[in-house]
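We use all heavy atoms of the structure for the numbers below, so side chains are in, but hydrogens, waters and symmetry mates are not. Not measured: the values here are computed from a predicted model. Proteins get letters first, then strands, A, B, ... in listed order; numbering begins at 1 in each.
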Amino acid sequence: MRTNINKRRIVQIEETIAETPTVKTLVFKDSLSYSAKPGQFLMIWIPRIEEIPMSVMINSKEGYAAVTIRKFGFGSTALFERKKGDLIGLRGPYGKKFTIRKNCKKILIIGGGTGLVPLLRLVSYISKKKIKSTIVMGARTKEEVFFEKLTRKIIDETGSLLIVCTDDGSYGIKGSTVSVMSKLVRDDTFDCVYTCGPELMMKGVVELSNQNSLPVQASLERYMKCGIGICGSCCLDSSLVCQDGTVFNEKQLSTMLDFGISYRDKDGRKVNYA
Amino acid sequence: MRTNINKRRIVQIEETIAETPTVKTLVFKDSLSYSAKPGQFLMIWIPRIEEIPMSVMINSKEGYAAVTIRKFGFGSTALFERKKGDLIGLRGPYGKKFTIRKNCKKILIIGGGTGLVPLLRLVSYISKKKIKSTIVMGARTKEEVFFEKLTRKIIDETGSLLIVCTDDGSYGIKGSTVSVMSKLVRDDTFDCVYTCGPELMMKGVVELSNQNSLPVQASLERYMKCGIGICGSCCLDSSLVCQDGTVFNEKQLSTMLDFGISYRDKDGRKVNYA
Amino acid sequence: MNFNDKNYKLSVQLDKIHLRNPTMLASGILGISQSIFERLYDENIGAVVTKSISVNPMKGYPNPTIIPLGGGSYLNAVGLSNPGVAAFSKELSENRNIPIMISLVGSSEKEFSKMVKVFDSLKIIGYEINLSCPHVSKMGMELGDDPEAVNKIVRAVRINTNKPISVKVGVGSIDVVELARVAIEAGANIITAINTLRAMSIDIETMMPVLSNLIGGLSGNAIKPIGIRCVYEISKKLQVPVIGCGGVSSWQDVIEYMIAGASAVQIGSILGSSGLKIFTHITKDLKKYVEKKGLRNISELIGIAHKYQ
Amino acid sequence: MNFNDKNYKLSVQLDKIHLRNPTMLASGILGISQSIFERLYDENIGAVVTKSISVNPMKGYPNPTIIPLGGGSYLNAVGLSNPGVAAFSKELSENRNIPIMISLVGSSEKEFSKMVKVFDSLKIIGYEINLSCPHVSKMGMELGDDPEAVNKIVRAVRINTNKPISVKVGVGSIDVVELARVAIEAGANIITAINTLRAMSIDIETMMPVLSNLIGGLSGNAIKPIGIRCVYEISKKLQVPVIGCGGVSSWQDVIEYMIAGASAVQIGSILGSSGLKIFTHITKDLKKYVEKKGLRNISELIGIAHKYQ
Ligand SMILES: Cc1cc2nc3c(=O)[nH]c(=O)nc-3n(C[C@H](O)[C@H](O)[C@H](O)COP(=O)(O)OP(=O)(O)OC[C@H]3O[C@@H](n4cnc5c(N)ncnc54)[C@H](O)[C@@H]3O)c2cc1C
Ligand SMILES: Cc1cc2nc3c(=O)[nH]c(=O)nc-3n(C[C@H](O)[C@H](O)[C@H](O)COP(=O)(O)OP(=O)(O)OC[C@H]3O[C@@H](n4cnc5c(N)ncnc54)[C@H](O)[C@@H]3O)c2cc1C
Ligand SMILES: Cc1cc2nc3c(=O)[nH]c(=O)nc-3n(C[C@H](O)[C@H](O)[C@H](O)COP(=O)(O)O)c2cc1C
Ligand SMILES: Cc1cc2nc3c(=O)[nH]c(=O)nc-3n(C[C@H](O)[C@H](O)[C@H](O)COP(=O)(O)O)c2cc1C
Ligand code: FES
Ligand code: FES
């Protein structure tokens, strides 16, 4: 099994979907990625350019999967620019998944940016399980909202609710995901909270969950080289995000002194979040 | 499976049986050897001394097997001298087995010396299958006869026949196995002949079988280092005795120009049989 | 050390260093975080070796830097990324009871002196000098292949510390025993053998080398028989304490290294498939083995194979 | 050579040697019998290399000489057993159409001259000089580690033959590219890389080294990434035809070696698990690959990886 996921597959990009001017989804065929668990990620090789971790995005076709990239630095921009027919390499999926307790009936999902990728796989999963959810999607501004249509399609007829919010109010509710969440948890009851997105946002979500005694799981990001627990570059306190995470629960998060405070740079030095 | 048989097992000698003053059987526990097929051999490691090929001898205890050694040169003498409690290493079993055609009812088995070892496993096998056999056991002289009691025990109540012969007539019929065989094939009918022993004896058996249009299988010996088809030291014409054999049928034997004529020494030079 | 005490059955001595058991973390593996070191110590590790540290922080090469090759073997060209001496001495400043050995890498004896001067006041058990990283120019193996450079660097470290020094050697273009001899003569107390071997992997679909650096170092299962050979040769010929490294993935491998002549072993790549708990598993199994064999202490195994000719 | 002819899609050229496909038998594997060579040729092999032959017959070391380590890796210290020049020239005397390369081993240039004088009248395609066997003293690697000896030996062979000469190099205590350069300058036409790497295996039950010679050479799966690296470095830096060797067990491995810079590859240890028919399988699969990729000839792949920096 492990040998299996570690073996690099070379896949062809079969479709590209422009989500926003800076976010793109690349679709490819790969059975291991197709059956990835919500929260798992791939190491994506952009030949002779970079290898970067990417959450596994869902795709409607059987046997297919995708990645959704925000154009950012060197590697992500190169990946963003790959076209239909180009080859990329994959290994994984790696990491722990979001877990759902047995008698969980209603969950709250808070995501921002490409943090929505693992959350959508979760939404898709729970929709099949008939678990209801309220999904809060945050973006800075209207142009940066994506996955809305796709999410509506997935939750269609499930009784789940999608709330979009933007910092500048140009679309959906005005305000941050955390402020939306604070209203939601006041007015409604949830069994668990799931979050992925910018770390400071997640920090807010986790604190709010703790204050409301809600179990919470967050999928964290750290700089990753190996993805398999060798290099240590992804360490966060005494955890390896690639192996022990990326999904951590409220108990694990409570012991992480650096969560929401600092991350380690490519050379391993700690850098504080702005 | 292959990895399995190649992995060296260290076993303890649990019993030693003196067959003749120069032949001894060492019993050990090893499940892979226990389920060896008739004709297969082991590479036996005598730690820090030698590693030599030995046919797998049967043992009555479930999960057990044995080797029967003739004290000969350096390695075999060291093995011969191993005592109860000593450790030896095993890898294998290797090689092809004796095969028995479906509607085979009566077979002739001709063995000499430690060539009886693989043949006894065959006898034990066919006894369970209710196939009748005539077994000819040859030795130079009375003192060198062994396995007689054991064989009688195995064929007891099967209707099979055991004939012992010695060159000097000091025990059993006087004469060579080949001369005994020539009478047997004249007076009786057999479906197949199986032989193992000194190569010149086997050569005689094979020729006689060919003359009588009897299918024949012989288990050959050649100098072996690897036992797995790498080193080439066991080559006999275009065959590798360790892998393509040790059991060969009349068709294969007929193409072997060196069979009964010459073998290769430790350095790979051809040496003629005396 | 009381060898009759059950808890000491696994303890080993490496020059002045006393370890509760012979398992160590290999350099470059998870080696930049004090919190991780503490977690490893909770997993019963004997000692940790840090990532090789240089005077200034190094970003290392772009990814891919680490490739799992399958079958327990790995290829890496991390490029010695590390936080540098200033940040790292801060990282370790709170260390109290974890046996930490700092791995040092540099391109001149001056750099090594500089680092040791900073690190020597920390609570650490010693240094490992990396003279064998096979894929960064002007560092590691390029120095290890030059006996004069080895001599100078080891002396520079020796002059600045009383703590034990291990020199980490590899399979480069100088005989490993020769390299070890030069290191010992220059003042090293221990030899760590071996580092990774220069190797390469090319993807045949894209027809491109996979590592961004093209060439990297082979580690894991593949190199164990080479590591065993080097440990055997160095410990037999020089009779110095040796730390075995390369492809250790089970208690059996630890025993094999010790019989070959290692006083302790480092474990690296295998963590990619076993996780950190491997140290707990291995030490538990080693204890069982030592008890089964009726040894007073595991060190009785060290170099047993030397007697065969 | 007509590259448009379908049958030539796999043909390769190594100096003056033209092979119908790039697969060769590695030296020391099944290499002492003309009948076996003929059988291999029927299995579609490109060419065979014989066991390394010395002036006089050699018995080699006592067994164990070959250890399957698992995972497709092997350890051996056969000790260069071979029938010697007289018996072996008789063995090959009937050869008509099998492309045979004779591997030579010796301890002085005189020995090499002597052998070439005998062998040169046989129908063979060339010589491979084994300067890299890592476990026999005064032969193989001990000479390969000495540039002066390499120079002398290659010259001695060159003077006695017009046939192509390949020098087989390994990972010893001299840089592999440097060794290859010396060999080429002395008159070699081809480089074969690599031989086995010095390694050891100890049984932990008996606490004894397994090989009778204690130390042997590691081959098979374990060394492939090292072989790829050596082929890449030699072919890129020296631009000479290189025969890749080490851990080839599939058509993919052949392609990887060729992309790294090999014009042909040798296959050895894997025969221990695949049997001789592997040559038929691999050549069939190579043909499929070449057709799928739309290549006119497989040689188009040679050294493609050189372009990446
Ligand atoms: C588990 C995980 C899942 C992720 N999923 C997604 C996703 O679905 N979509 C998406 O757009 N992004 C995702 N990311 C983030 C993505 O990996 C980085 O944005 C990307 O690696 C940036 O590479 P770059 O070369 O463009 O950046 P660079 O210019 O090299 O560096 C800029 C910053 O990007 C980040 N970064 C660079 N390399 C890595 C790396 N190897 N590992 C982690 N962070 C890195 C660091 O913060 C770095 O400071 C994920 C990250 C992780 C750890
Ligand atoms: C498949 C096979 C099964 C065998 N089964 C048995 C058996 O059940 N009982 C038994 O007593 N003997 C058996 N032998 C023969 C046994 O292997 C040799 O007698 C033994 O190896 C001799 O070793 P030595 O060190 O005593 O001889 P040495 O003194 O080293 O040499 C003497 C002669 O023994 C033979 N020999 C030595 N080493 C080997 C070797 N590695 N492989 C093959 N022959 C060798 C050669 O003919 C050699 O010339 C078998 C041989 C083979 C090939
Ligand atoms: C990803 C990685 C990074 C490494 N970094 C270093 C390093 O910084 N310094 C060093 O001396 N060795 C380094 N090594 C080599 C290891 O310490 C060790 O010598 C080698 O991996 C063999 O051990 P293993 O087979 O148990 O991994 C590194 C190895 C790997 C796999
Ligand atoms: C049993 C054995 C014997 C060998 N004998 C020789 C030899 O005589 N001459 C030589 O040049 N190489 C010899 N080699 C090395 C091989 O030719 C080859 O270089 C090495 O095994 C790597 O290839 P592989 O991984 O395909 O086996 C031998 C290897 C093995 C396993
Ligand atoms: S990315 Fe290497 S340990 Fe997590
Ligand atoms: S014994 Fe090595 S090939 Fe048969």
Enquirer: Can you tell me how far the CG atom of D:Asn221 sits from the CG atom of C:Asn221, to the nearest 0.5 Å?
Expert: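 The CG atom of C:Asn221 is 9.5 Å from CG of D:Asn221, to the nearest 0.5 Å.
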Enquirer: When you look at NZ of C:Lys284, are more than 12 heavy atoms from neighbouring residues, nucleotides or ligands closer to it than 6.0 Å?
Expert: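 No.
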Enquirer: What's the separation between atom CE in D:Met200 and atom NZ in C:Lys224, rounded to the nearest 0.5 Å?
Expert: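 So the gap between those two atoms works out to 12.0 Å.
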Enquirer: As an exercise, state the distance from CG of D:Leu214 to OH of C:Tyr232, rounded to the nearest 0.5 Å.
Expert: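 Going from the CG atom of D:Leu214 to the OH atom of C:Tyr232 covers 4.5 Å.
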Enquirer: Evaluate the side-chain proximity of C:Leu197 to D:Leu197: yes if any heavy-atom separation is below 4.5 Å, no if none is.
Expert: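 The answer is yes, as the side chains (C-beta and beyond) meet within the 4.5 Å cut-off.
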Enquirer: At a heavy-atom separation under 4.5 Å, does D:Leu69 approach chain C through its side chain, its backbone, both, or neither?
Expert: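 The answer is the side chain of D:Leu69.
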Enquirer: Please round to the nearest 0.5 Å and tell me the distance separating atom CD1 of C:Ile304 and atom CD1 of D:Ile204.
Expert: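 Here the interatomic distance stands at 11.5 Å.
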Enquirer: Using a 4.5 Å cut-off on heavy atoms from C-beta on, say whether the side chain of C:Lys307 contacts that of D:Met208.
Expert: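 No, too far: nothing below the 4.5 Å cut-off.
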Enquirer: Heavy-atom distances under 4.5 Å only: say whether D:Gln309 touches chain C with side chain, backbone, both or neither.
Expert: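 Interface part for D:Gln309: backbone (N, CA, C, O).
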Enquirer: Sort C:Ile223 into side chain, backbone, both or neither according to what part of it lies under 4.5 angstrom from a heavy atom of chain D.
Expert: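 No part of it gets close to chain D.
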Enquirer: What part of C:Leu218 gets closer than 4.5 Å to chain D, counting heavy atoms only: side chain, backbone, both or neither?
Expert: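 Contact with chain D involves the side chain of C:Leu218 alone.
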Enquirer: For residues C:Ile228 and D:Ser201, determine if any side-chain heavy atom of one lies less than 4.5 Å from a side-chain heavy atom of the other.
Expert: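 C:Ile228 does not reach D:Ser201 side chain to side chain.
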Enquirer: Any chance you could measure D:Ser173, atom OG, to C:Asp145, atom CG, to the nearest 0.5 Å?
Expert: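 Reported value, rounded in 0.5 Å steps: 10.0 Å.
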Enquirer: Identify, with sequence neighbours excluded, every residue that meets side-chain contact (heavy atoms from CB on, under 4.5 Å) alongside C:Asn151.
Expert: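 Residues passing side-chain contact (heavy atoms from CB on, under 4.5 Å) with C:Asn151: C:Glu148, C:Arg155, C:Val182, C:Ala186.
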Enquirer: At under 4.5 Å between heavy atoms, what parts of residues 241-253 of chain C are in contact with chain D? List them by residue number.
Expert: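 Residues of residues 241-253 of chain C touching chain D at under 4.5 Å: C:Trp251, C:Gln252.
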Enquirer: Looking at every non-hydrogen atom in both residues, tell me the closest pair between D:Glu205 and C:Lys293 and how far apart they are.
Expert: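 So the minimum-distance heavy-atom pair works out to O-NZ, 3.4 Å.
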Enquirer: Would you mind reporting whether C:Arg198 and D:Ile226 have side-chain heavy atoms less than 4.5 Å apart?
Expert: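 Not in contact.
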Enquirer: So for D:Tyr289, is it side chain, backbone, both, or neither that comes closer than 4.5 Å to the heavy atoms of chain C?
Expert: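 For D:Tyr289, the side chain is the part near chain C, not the backbone.
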Enquirer: Relative to chain C, which segment of D:Ile215 carries a heavy atom at a distance below 4.5 Å: side chain, backbone, both, or neither?
Expert: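 Just the side chain, heavy atoms under 4.5 Å.
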Enquirer: Pick from C:Pro209, C:Ala260, C:Gly227, C:Ala305: which one has the most heavy-atom pairs with chain D under 4.5 Å?
Expert: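 Most pairs with chain D among the choices: C:Pro209.
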Enquirer: Pick one of side chain, backbone, both or neither for D:Val171, based on which atoms fall under 4.5 Å of a heavy atom in chain C.
Expert: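 Contact with chain C: side chain only.
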